[in-house]
Structures are given as C-alpha cells and as structure tokens.
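Position 1 is the first residue of the sequence, and the numbers go up from there.
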Amino acid sequence: MEVPLAGQQGPQDLPCLSVSTCSSSSPVSSAKPGRVVGRFSTGSGSAQLQFPDCGEDGSGPFDIRSSQLFKLGPVESLCVSEDSNHKRTDEKPYSRAITIRFRTEDESNAFQQAFEYWKKEVTGAGTGTKLENGSVLVSKSKFDDKIEASSAKMYFHYYGQLLHQQNMLQDYVRTGTYYAAVIENRLDFHDRVVVDVGAGSGILSLFAAQAGARHVYAVEASEMAEHARRLIAGNPLLAQKITIVKGKVEEVELPEKADILISEPMGTLLVNERMLESYVIARDRFLVPNGKMFPTIGRIHLAPFSDEFLYVEIANKALFWQQQNYYGVDLTPLHGSAFQGYFSQPVVDAFDPRLLVAPAITHTLDFKTLKEEELYEFDIPLSFKAAVGTRVHGLACWFDVLFDGSSVQRWLSTAPGAPTTHWYQLRCVLSQPLYVMAGQEITGRLHMVAHHAQSYTMYLTLSAKMWGAGAEQGGIIQSSMGKLDLKEPYYRMSQPQPYTWAQDQQPHQLINSQEIALQSQDGIQQGHGLGTQLN
C-alpha cells in the first residue's frame with residue numbers, strides 16, 4: 001500500500017467490497033457490492049473517512065480522530081465513531097458503527113494501515129497535539145512514559161514469537177488452572193463481554209468463548225496478534241465471538257465496557273515485567289463497576305532459607321577474577337566488583353522446600369482495589385522466627401493467584417514442593433550470611449522500586465535480633481544487605497534433587513509455612529506447603 005507522505009495529505013481512495021451500517025433500531029443497509037471506495041481526506045479542519053458511493057445512510061463522514069477501526073476477520077472490519085454530542089465524561093459511548101468488507105486480505109490490511117496512518121500522522125492522534133503552525137507536539141502514552149523504548153521493543157519482540165508462547169502453553173499447571181477457572185465458572189462468563197488483557201496467542205479468549213461469553217475483545221500489542229487472529233479464525237465456532245484488537249491497553253479504545261477481565265499478567269516474583277500495572281489500567285478503563293477479574297488477587301510469599309551449596313556456587317563464580325597472571329594481567333582489582341555483581345542476580349530455580357528455615361509470610365495484592373501507583377514502589381516488612389540453628393543465606397520468594405469465581409475458587413500456585421511452573425521460584429542470596437539459633441527472631445525489609453526496563457530494583461535487608469539472656473532488651477546483633485536487579489536473574493532452573501546434608505547444615509525440624517490454598521476436585525482444601533518431617 002502506498003500512503004501519502006508527511007505534508008502531502010491529499011485524498012486517498014482505497015477499494016472495499018461493501019459497507020453495512022449497524023443499528024439496533026433499523027435493519028442493516030448495504031451499499032452495492034463492487035462499487036465502494038473508502039476515501040481518506042482532510043475537510044472542515046480534520047481528517048475524515050467517507051464512502052462517496054454509499055450516500056447519506058450513516059456511512060460517513062467519520063472523524064478519524066474520534067473513530068476506531070477493529071478487525072473482525074481477514075476480510076472484515078468494524079469502524080465505530082464516538083458521539084461528539086455526548087456530555088458525560090465517565091465513559092466513551094459510540095453513536096455509529098459500520099461493517100466494512102473487502103475482496104482480499106491484502107485490501108483489508110492496506111485499509112487498516114491507511115486508517116492508522118491518517119489517525120496518527122495526519123491528525124496527530126495518539127502521537128501528540130496538532131499546533132497552529134502545523135507541527136505536532138509529541139505526548140507519550142502512559143506506557144511510553146514509564147518504559148524505555150529499547151525495553152519495550154525487546155519485550156514485544158519476545159512475546160511476538162510462537163516458541164515463547166509455546167513455552168507458556170506447555171506449562172500445564174498454568175494453562176490447566178486457567179481453563180478450569182474459566183470453565184468451572186461458566187456463570188461468570190455466559191452472555192458477558194470479556195476483555196483479554198495481553199491476549200498473546202488468544203488461548204484465554206478461546207476459553208472465555210467456550211464458557212459462553214457474548215463477545216471477547218483480545219487486546220495484544222505484539223506481532224502475536226496476527227498469529228492469534230489466525231488461530232481464532234481456525235476455530236470458526238468460537239471466532240465469531242472474538243475480536244482481536246492490536247495495541248496497548250493504555251492506548252486502545254473499545255466499543256463497549258467489559259463485564260469481566262481475564263489476563264495472565266504475572267511475571268517472576270509476580271511483579272516482573274510490570275504487566276500488573278497494565279492489568280490495573282485495563283480495569284480502570286474497561287471494566288464495569290463490580291465487574292470480575294481473573295485473576296482476582298495475588299500473593300507474594302517470603303521466607304528465609306539456608307543453602308550452602310548455592311552460596312558456594314555463586315561465590316565461586318568470581319574466582320576467575322582472582323587470577324594474578326591472566327596472560328600477564330592481574331585481574332584481582334575487579335574481584336570485589338565481580339563478587340558483588342554475582343550476588344546482585346536473583347536466582348530462579350525450583351528448590352527443595354526443606355531449605356526454608358522459618359514459616360513464610362505473605363504480602364497480598366488485591367487487583368480489584370490496587371492502584372497503579374502502588375506498584376511503582378512498595379515495602380514488604382519481614383519478620384520471622386528461625387525454626388533451626390543454621391546459616392541464613394537469603395530470602396526465598398514465590399507467589400500464587402486466586403481466581404475468585406462465583407461457582408468455584410481456583411488457586412494457581414508456584415510454591416516450592418508444588419508442581420513446577422515456568423515461573424519456578426526466586427531466591428535473593430546475600431553475600432554475607434547470617435548465623436541464627438532456633439527461636440531467634442529475623443527481621444528486615446524488602447523494598448521494591450520499579451525501573452524503566454519493565455522490572456524492579458530489590459533492596460533486601462535481613463537482621464538477626466539478640467537471642468537468649470537479655471533478648472527482651474532488643475537490639476540487632478548482625479545484619480546483611482543486598483541490592484538485586486529483578487531484570488537480570490540467574491536462571492538456575494534445575495529440578496529439586498534429593499538433598500544431602502553436608503558441611504555445617506543440619507536437617508531442619510518441622511516447619512509449618514503459610515497455608516497454600518489448592519483446589520481439589522472436592523472444592524477448596526487447605527494444604528501445608530512445608531509440613532514434611534525430615535527425621
């Protein structure tokens with residue numbers, strides 16, 4: 001397709017097969033097939049789309065700045081126009097809609113590209129405000145304000161590849177739990193409008209359609225949107241209920257509000273990749289009051305751990321920099337920086353839950369009420385009582401999410417000892433371990449600060465409080481701190497092996513962690529993630 005160059009906004013005509021006006025109060029009227037032209041032009045001070053062959057039947061002109069174009073299928077699109085006379089500001093109604101059909105998919109793609117060009121480049125919508133001198137004052141979207149362009153490019157490139165979608169689809173704990181949560185709660189989806197936030201391959205949209213949704217809007221910003229469109233088109237009984245909307249949830253417009261949001265916004269430690277913020281934005285923009293969210297809440301679980309083997313493994317990585325004659329070069333000046341650098345990487349793997357030395361604590365995020373700004377920076381106070389005397393090497397973390405359906409509640413857990421997911425668990429290893437006795441109090445703080453690379457800087461402090469005689473007077477006897485980058489983890493990801501006790505480690509006594517809610521066939525049952533007697 002050839003689009004007009006900047007500064008040359010003359011009329012542009014593109015062929016269509018037919019145009020039909022949509023109205024709930026009158027029958028659909030169609031222009032004569034084969035003689036329809038969609039004309040993009042500037043008039044009355046704004047960019048317009050009109051269909052000269054259709055007459056005055058509601059098919060034009062459309063003000064492109066206040067209109068949206070949705071692809072319903074390979075050769076069919078829906079154009080909706082905002083009612084400029086509407087006075088309320090709490091929602092965006094649309095007064096007119098037309099269905100545009102094309103002869104070929106190429107014609108459809110060319111029309112879509114032309115619409116996007118005229119909306120962004122000619123009117124300045126989405127990229128800035130048109131000034132009197134004709135220039136455009138650039139204003140970034142909320143997503144662009146928070147996330148650096150290079151990170152966003154890599155992020156959308158990654159999730160635009162089928163091999164990475166396959167990795168998530170083959171996580172059967174993840175996919176199976178989502179399927180069960182949707183299908184077992186058909187009452188929440190039946191005849192409802194659903195928005196799939198970050199739809200990826202479109203699998204959750206298809207689940208929602210299977211559960212009887214009236215219509216699903218699958219919002220996806222990466223090139224995976226095209227793969228999703230093909231996958232959904234290949235399931236024709238469900239495809240008629242699903243519309244793919246390519247774009248960021250911070251920027252796209254939808255023709256109606258949603259009764260329920262569904263999404264998979266969880267990253268490592270729940271918050272990595274910062275998609276939870278997009279999930280909350282989608283709630284504020286698209287969800288009706290008291291609408292449902294799948295998932296509904298998320299919980300981060302944290303507990304101190306002891307793992308001498310992991311600590312030695314990380315410390316030994318820096319031994320390379322202790323060479324004093326590396327091809328005649330002394331590398332030791334960089335050993336200290338390398339040592340700290342390795343300990344700045346959170347470890348992602350599946351570990352034996354018997355490595356935990358105290359019951360876990362929980363930090364809860366309620367997606368129904370959570371504010372986006374609360375995810376920019378937050379604190380998790382830490383307080384534990386050691387169950388055994390040992391060396392504490394750091395803090396172990398995992399998460400779970402709840403699908404709070406009207407019929408069934410389902411938990412998706414990434415806990416140690418539970419079936420392994422592609423999220424695994426995460427451990428923050430301190431360069432200076434703490435020595436604790438059984439019954440000794442461990443306190444501290446995990447301070448999370450979001451950064452522009454779609455992740456977080458983690459500031460961890462763990463301290464051992466005075467123990468024994470005089471403990472009632474309080475006081476800290478030892479403390480250790482670490483700064484870690486959640487964006488740059490060490491993917492160890494080995495399956496937990498039978499643990500052999502060595503060096504100064506002793507078998508841990510019975511530790512009852514927080515209860516991890518797991519869904520059984522008989523309903524909700526409370527299970528203990530760490531209830532194994534070792535000796």
### Over-ring placement of R299 relative to W398, 6.0 Å and 45° cut-offs
no

### Query
Is any side-chain N of the basic residue among R229 and E226 closer than 4.0 Å to the acidic one's carboxylate O?
yes

### Task
Please identify each residue that fulfils side-chain hydrogen bond (donor to acceptor under 3.5 Å, both in side chains) with T443, with sequence neighbours left out.
none

### Query
Would you call R274 and E277 a salt bridge, taking side-chain N to carboxylate O under 4.0 Å as the test?
yes

### Query
Are E256 and R214 ion-paired here, with the side-chain N under 4.0 Å from a carboxylate O?
yes

#### Entry: salt bridge (charged side-chain N to carboxylate O under 4.0 Å, His left out) pairs, two or more places apart, involving residues 415-436
D307-R427, D349-R427

### Ion pair check, E250 and R285, cut-off under 4.0 Å
no

### Query
Are any of the side-chain nitrogens in R410 or E184 under 4.0 Å away from the carboxylate oxygens of its partner?
yes

### Query
Do D379 and R445 sit within salt-bridge range, that is, some charged N less than 4.0 Å from a carboxylate O?
yes

### Query
Can you name the residues that form a salt bridge (charged side-chain N to carboxylate O under 4.0 Å, His left out) with R174, not counting sequence neighbours?
E264

### Message
Salt bridge or not between D366 and K368? Use side-chain N to carboxylate O under 4.0 Å.
### Response
yes

### Query
L486 and V271: side-chain contact (heavy atoms from CB on, under 4.5 Å), yes or no, with the steps?
CA-CA 9 Å; L486 188 56; V271 297; 4.3 Å; yes

### Task
Evaluate the side-chain contact (heavy atoms from CB on, under 4.5 Å) criterion for residues S222 and H157: first the C-alpha distance (whole Å), next the side-chain angles of each, then the deciding distance (0.1 Å), finally the verdict.
CA-CA 7 Å; S222 78; H157 173 74; over 6 Å; no

### Task
Answer yes or no: does atom CD of E223 have more than 12 heavy-atom neighbours from other residues, nucleotides or ligands under 6.0 Å?
no

### Message
Is it the case that atom CG in N290 sees more than 12 heavy atoms from other parts of the structure closer than 6.0 Å?
### Response
no

